[in-house]
A.B. asks: 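Before I ask anything, here is the structure I am working with.
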Amino acid sequence: MSLSFSIVINTLNRGRWLGDALSGLRGLSYQDFEVVVVNGPSTDDSQAIIDSYAGSIKIGQCADANLAMSRNIGIELAAGDVVAFIDDDAVPSPDWLTQLAHHYTNPAVGGVGGFTIDNTGVRYQVQKTVCDRFGNAKSVSDFFDERPLCFRGSPFYPSLLGTNSSFRRDVLREIGGFDNVFAYLLDETDVCLRIIDAGYEIRYEPRALVYHQFAPSSLRSEKRVPKTLYPSAISKSYFISSHGAREERRSGLDGEVSRQRVAYRDELLRANKWMVEHGEISQRHGASLDQDVLWGIEKGRELATVDKRGQGDLDARRAAAAEPMRPYIRNMGMRIALVSQSFPPDNEAGVARWTSMMARGLSARGHSVHVIALASQQPSVRFEDGFWTHRILPDHQLGQVMMATYDLPPNIASWVAGVALEIDSLRSVGLDVASFPIWDTEGASLPDLDDVAVVMSLHTSYAMALPFKGEWNERPLYRHLMVDKMIAAEERLLRHLPVVLANSEAIVADVGAAYGVDLAERARVVPHGTYDPFAQKPSRRAMRRDDAPVSIAFVGRFEPRKGIDIAVAAFAVAHEALPEAHFHFLGDKLGAETMELFHRHGGAALLASPRVTFHGQVTREVLDDFYATVDIVLMPSRYESFGLVAIEAMAAGAVVVAARAGGLKEVVVEGLTGYLVPLDGSEVAVAADRLIALGRSPKARKAMAQAARELFEMNFQVDLMAARAELVYADAIKLKRKARDYVD
């Protein structure tokens with residue numbers, strides 16, 4: 001019979017983090033657990049988030065901002081053999097409970113805690129800690145054996161961190177649970193001490209990891225600057241005056257309690273003074289904190305005069321009447337790694353945005369998703385929006401091996417090496433499938449894995465981009481050492497992988513032709529999806545005004561492949577023919593080289609016109625707001641594997657005029673949702689004619705916009721994209737297992 005766990009989350013005004021904490025628990029590999037959430041007197045959206053989980057969690061209410069009291073309410077609701085505590089701004093590793101559980105096979109063990117990772121996701125916040133009977137903590141080596149300290153009256157004992165602690169439910173009842181005086185700080189330390197004195201052991205499990213985000217609270221700022229020290233001063237003074245007093249009598253250390261209180265007071269007063277002198281807080285704030293310390297110490301001393309006989313404040317009758325276990329909803333799906341160097345918010349370009357949407361969509365469907373992306377500075381691991389994001393750095397040492405093994409350029413090889421190491425770490429906790437884009441062959445080493453299915457997604461590749469990159473051919477050495485090597489690496493992967501994920505039929509045919517590879521049996525087509533801009537922000541529905549002058553936009557980088565020259569020339573014609581129309585360029589900066597391009601393609605008048613706006617690079621929210629106001633989007637790309645801009649515009653009810661190229665032919669329905677322009681030398685004239693006709697016909701624009709929106713709703717939403725991709729990844733896993741069974 002397996003050990004059952006009750007995971008208790010005590011929350012107060014942390015709605016922003018609570019949703020991720022609850023979502024993160026779905027990724028636990030352990031089966032027999034329930035979740036209990038106790039909400040304090042929250043004034044934010046915490047209760048709404050909790051209520052959204054009604055039926056799958058047990059819900060408690062704590063009227064006071066008191067952590068010990070809230071923990072006791074959680075224990076009273078718990079039905080598991082073990083009660084595990086985790087903070088509302090923390091997420092456990094998938095095998096957290098599994099690693100804790102095996103220690104409880106020893107009946108002498110009363111509590112087990114793991115190691116806690118800080119908000120970087122790669123550094124420890126706490127490993128092993130030993131406390132004395134005055135509440136002073138000392139970190140010890142993770143090789144330190146805490147078991148010899150587990151005896152009644154031990155002057156030093158292992159103390160667990162609250163956000164990564166677990167205790168036998170029967171033992172918590174035996175000692176009376178938590179002491180409500182500890183509204184904040186030392187509550188779990190007090191429990192650990194009393195468990196030791198009750199004759200049980202406290203253990204550490206280094207592999208039971210929790211990732212802690214350090215969210216701000218009513219007691220501390222986001223930078224961990226204290227707002228008040230009163231509750232913590234009460235707790236520490238109370239601890240010293242109760243447990244410390246007994247230790248003073250036992251050891252004969254006369255006056256030690258007084259010395260400990262003075263030392264604690266002076267330590268906090270020095271810290272407050274330092275913060276004032278270094279501009280961390282104002283003098284007024286510092287004076288307030290000083291007063292908190294003095295009042296809190298005195299209050300703790302006063303409360304310690306009440307003899308509680310070492311018991312907590314748990315209501316034993318309510319705890320005994322706890323409802324049966326209520327199993328939590330776990331992620332029963334696949335464990336998926338999505339690789340993409342670029343990732344929001346640092347980058348919102350095509351592959352980055354596709355990866356972000358896929359991660360959210362797949363996690364919403366019950367899969368455990370890990371995104372591996374490039375760190376801008378330091379590595380980090382975070383759980384946010386329902387999935388894990390691992391920001392890593394290239395590994396230049398292993399990159400030397402990758403460069404020799406796969407004949408890759410040095411920078412690419414180093415990134416491939418970093419990805420390989422991170423994938424290897426995920427394999428240790430279980431990984432079913434790894435997916436990476438063809439651009440930069442980010443997963444070049446992954447097909448060699450024998451236990452993970454590997455899928456490569458098709459986007460514009462080096463070979464596909466080559467015709468539009470004149471500078472590559474102007475630099476023969478770069479072409480030889482970088483571009484040709486990348487094209488060869490792309491071809492090797494295309495020939496080797498049993499499953500490739502494509503966003504259009506066009507990219508399958510075009511990639512196959514470019515590399516001389518038949519992908520017909522191995523390619524799976526999953527059209528791009530995008531978020532519903534009106535669902536994200538309902539006010540966008542009213543942004544497009546029928547009485548406003550018609551607006552026409554180009555969205556994209558100012559480069560030949562995106563057809564910026566076609567856009568300039570077509571806009572110049574339409575600008576003259578539509579004297580009331582407004583024209584917009586978004587996505588790139590207007591520099592000297594671009595201005596020269598405008599002059600060369602007849603767009604000099606656009607540069608000086610008050611009806612032309614150059615927005616440059618904009619944020620995602622600004623872009624989505626803009627889509628909701630613009631009438632027509634011109635997308636004259638000479639090649640797009642799909643055309644994400646097109647469906648983003650269609651989702652917001654804009655009409656798209658696009659080049660008849662690549663995947664755009666499968667997105668825009670000619671004459672219904674927009675128009676397709678042939679790239680046969682007539683593109684400028686045809687594009688201009690279409691823009692002018694639409695500009696002069698509000699009725700045609702409205703009909704096409706409605707059809708475009710309906711097509712988005714039917715075929716290009718994120719949840720539909722994720723559902724289709726789910727089938728592809730499941731198929732890849734089956735093929736991998738079949739191949740492995742054949743070899744075995």
Side-chain angles (χ1 to χ4, degrees), residues 27-29 91-96 98-99 114-115 117 120-124 142 206-209 211 331 333-341 343 355 359 362 367-375 378-383 387-408 410-438 440-457 489 492-493 496-499 729 732-733 735-737 739-740 743-744:
L28 288 170
S29 57
V91 176
S93 60
D95 59 346
W96 179 50
T98 304
Q99 298 299 342
F115 285 10
I117 309 294
T120 66
V122 294
R123 294 195 300 262
Y124 286 114
D142 55 342
R207 294 169 296 179
L209 299 178
Y211 294 79
N331 286 345
M334 297 170 280
R335 291 158 295 183
I336 304 168
L338 302 176
V339 182
S340 177
Q341 286 188 71
F343 196 70
T355 305
L362 289 168
H367 304 288
S368 296
V369 180
H370 297 257
V371 172
I372 300 175
L374 180 66
Q378 297 298 321
S380 66
V381 178
R382 292 180 67 91
F383 186 90
F387 60 90
W388 295 89
T389 302
H390 304 241
R391 300 273 184 178
I392 67 169
L393 294 172
D395 190 290
H396 301 296
Q397 185 173 359
L398 182 59
Q400 298 292 320
V401 177
M402 296 293 181
M403 188 167 60
T405 304
Y406 300 104
D407 193 25
L408 297 170
N411 61 321
I412 301 295
S414 295
W415 173 247
V416 166
V419 169
L421 291 173
E422 199 67 16
I423 290 289
D424 197 51
S425 71
L426 290 175
R427 290 167 66 201
S428 66
V429 294
L431 185 65
D432 296 313
V433 60
S435 180
F436 67 94
I438 189 171
D440 279 349
T441 62
E442 299 185 40
S445 70
L446 302 184
D448 295 335
L449 300 176
D450 60 2
D451 59 341
V452 178
V454 179
V455 175
M456 183 170 67
S457 55
R492 285 195 299 272
L493 288 167
H496 181 79
L497 288 168
V499 176
Y729 291 139
I733 293 169
L735 289 173
K736 186 69 175 183
R737 289 173 180 167
R740 188 171 57 206
V743 171
D744 293 343

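Note that these values count all heavy atoms, side chains included, but never hydrogens, waters or copies made by symmetry.
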A.B. asks: Just to verify, what does Ser29 make a side chain to side chain contact (heavy atoms under 4.5 Å, CB included) with, not counting sequence neighbours?
C.D. replies: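 Partners of Ser29 under the side chain to side chain contact (heavy atoms under 4.5 Å, CB included) test: Asp95, Thr98.
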A.B. asks: How close do Leu28 and Ser93 get, counting heavy atoms only, and between which atoms?
C.D. replies: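 Leu28 and Ser93 have their closest heavy atoms at CD2-O, 3.4 Å.
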A.B. asks: With sequence neighbours excluded, tell me which residues meet side chain to side chain contact (heavy atoms under 4.5 Å, CB included) with His367.
C.D. replies: Met334, Ile336, Leu362, Arg365, Val369, Glu726
A.B. asks: If we only count heavy atoms from C-beta on, is the Thr355 to Ser435 side-chain gap below 4.5 Å?
C.D. replies: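 Not in contact.
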A.B. asks: Quick one, Leu493 and Pro447 - any side-chain contact, counting heavy atoms below 4.5 Å?
C.D. replies: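 Yes, their side chains come closer than 4.5 Å.
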A.B. asks: If you look at every heavy atom in Ile423 and Ala434, which pair is closest and at what distance?
C.D. replies: CD1-CB, 4.1 Å
A.B. asks: Look at the side chain of Glu442 and the backbone N and O of Val419, then say whether any donor-acceptor pair between them is shorter than 3.5 Å.
C.D. replies: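 Looks like no, no N/O pair under 3.5 Å.
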A.B. asks: Can you tell me how the ring of His390 sits relative to the ring of His370, calling it parallel under 30°, perpendicular over 60° and tilted otherwise?
C.D. replies: tilted
A.B. asks: Of all residues at least two apart in sequence or in a different chain, which pass the side chain to side chain donor-acceptor pair (under 3.5 Å) check with Tyr211?
C.D. replies: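 Per chain and number, Tyr211 pairs via side chain to side chain donor-acceptor pair (under 3.5 Å) with no residue.
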A.B. asks: Suppose we screen for side chain to side chain donor-acceptor pair (under 3.5 Å). Which residues come up paired with Ser425, at least two apart in sequence or across chains?
C.D. replies: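 Here no residue qualifies.
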A.B. asks: Would you say the side chain of Phe343 lies within less than 4.5 Å of the side chain of Leu374, judging by non-hydrogen atoms?
C.D. replies: no
A.B. asks: Between Trp96 and Leu209, which heavy-atom pair has the shortest distance, and what is it?
C.D. replies: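 In this case the closest contact between Trp96 and Leu209 is CD1-O, 3.9 Å.
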A.B. asks: Once salt bridge (charged side-chain N to carboxylate O under 4.0 Å, His left out) is applied, do any residues pair with Asp451, and if so which ones, sequence neighbours excluded?
C.D. replies: Arg427
A.B. asks: Considering residues at least two apart in sequence or located in another chain, which fulfil the ring pair (Phe, Tyr, Trp, His ring centres under 6.0 Å) criterion with Phe115?
C.D. replies: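 So Phe115 forms a ring pair (Phe, Tyr, Trp, His ring centres under 6.0 Å) with Tyr124.
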A.B. asks: With sequence neighbours excluded, tell me which residues meet side chain to side chain contact (heavy atoms under 4.5 Å, CB included) with Asp407.
C.D. replies: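 Result, side chain to side chain contact (heavy atoms under 4.5 Å, CB included) vs Asp407: Lys485, Arg492.
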A.B. asks: Within the structure provided, determine whether Asp142 and Pro206 are in side-chain contact (heavy-atom separation under 4.5 Å).
C.D. replies: no
A.B. asks: I need the minimum non-hydrogen distance between Ser457 and Pro437, along with the two atoms involved.
C.D. replies: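 What the structure gives for the nearest pair is OG-CA, 3.3 Å.
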A.B. asks: For residues Gly399 and Ala413, report the shortest heavy-atom separation together with the two atoms involved.
C.D. replies: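 Gly399 and Ala413 have their closest heavy atoms at O-CB, 3.4 Å.
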A.B. asks: Under the side chain to side chain donor-acceptor pair (under 3.5 Å) test, which residues partner Ser414, sequence neighbours left out?
C.D. replies: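 His396.
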A.B. asks: Output the distance between atom CZ (Arg391) and atom OG1 (Thr120), rounded to the nearest 0.5 Å.
C.D. replies: 14.0 Å
A.B. asks: Can you tell me how far apart CG (Leu338) and CD1 (Ile372) are? Round to the nearest 0.5 Å.
C.D. replies: 9.0 Å
A.B. asks: Arg207: which residues meet the side chain to side chain donor-acceptor pair (under 3.5 Å) condition with it, sequence neighbours left out?
C.D. replies: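 For Arg207, the residues satisfying side chain to side chain donor-acceptor pair (under 3.5 Å) (neighbours in sequence not counted) are Gln99, His102, Glu205.
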A.B. asks: In Å and rounded to the nearest 0.5 Å, what is the CZ to CG distance from Phe436 to Leu446?
C.D. replies: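 One finds 6.0 Å between CZ of Phe436 and CG of Leu446.
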A.B. asks: Nearest 0.5 angstrom please: Thr405 OG1 to Leu398 CG, how far?
C.D. replies: 8.5 Å
A.B. asks: Looking at residues at least two apart in the chain, or sitting in another chain, which of them share a salt bridge (charged side-chain N to carboxylate O under 4.0 Å, His left out) with Asp432?
C.D. replies: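 Salt bridge (charged side-chain N to carboxylate O under 4.0 Å, His left out) list for Asp432, sorted by chain: Arg335.
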A.B. asks: I'd like to check the side chain to side chain contact (heavy atoms under 4.5 Å, CB included) partners of Val416; sequence neighbours left out, ordered by chain and number.
C.D. replies: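 For Val416, the residues satisfying side chain to side chain contact (heavy atoms under 4.5 Å, CB included) (neighbours in sequence not counted) are Met402, Leu408, Ile412, Ala444, Ser445.
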A.B. asks: For residues Val455 and Ala732, report the shortest heavy-atom separation together with the two atoms involved.
C.D. replies: CG2-CB, 3.6 Å
A.B. asks: Distance from Trp415 atom CH2 to Leu393 atom CG, nearest 0.5 Å?
C.D. replies: 8.5 Å
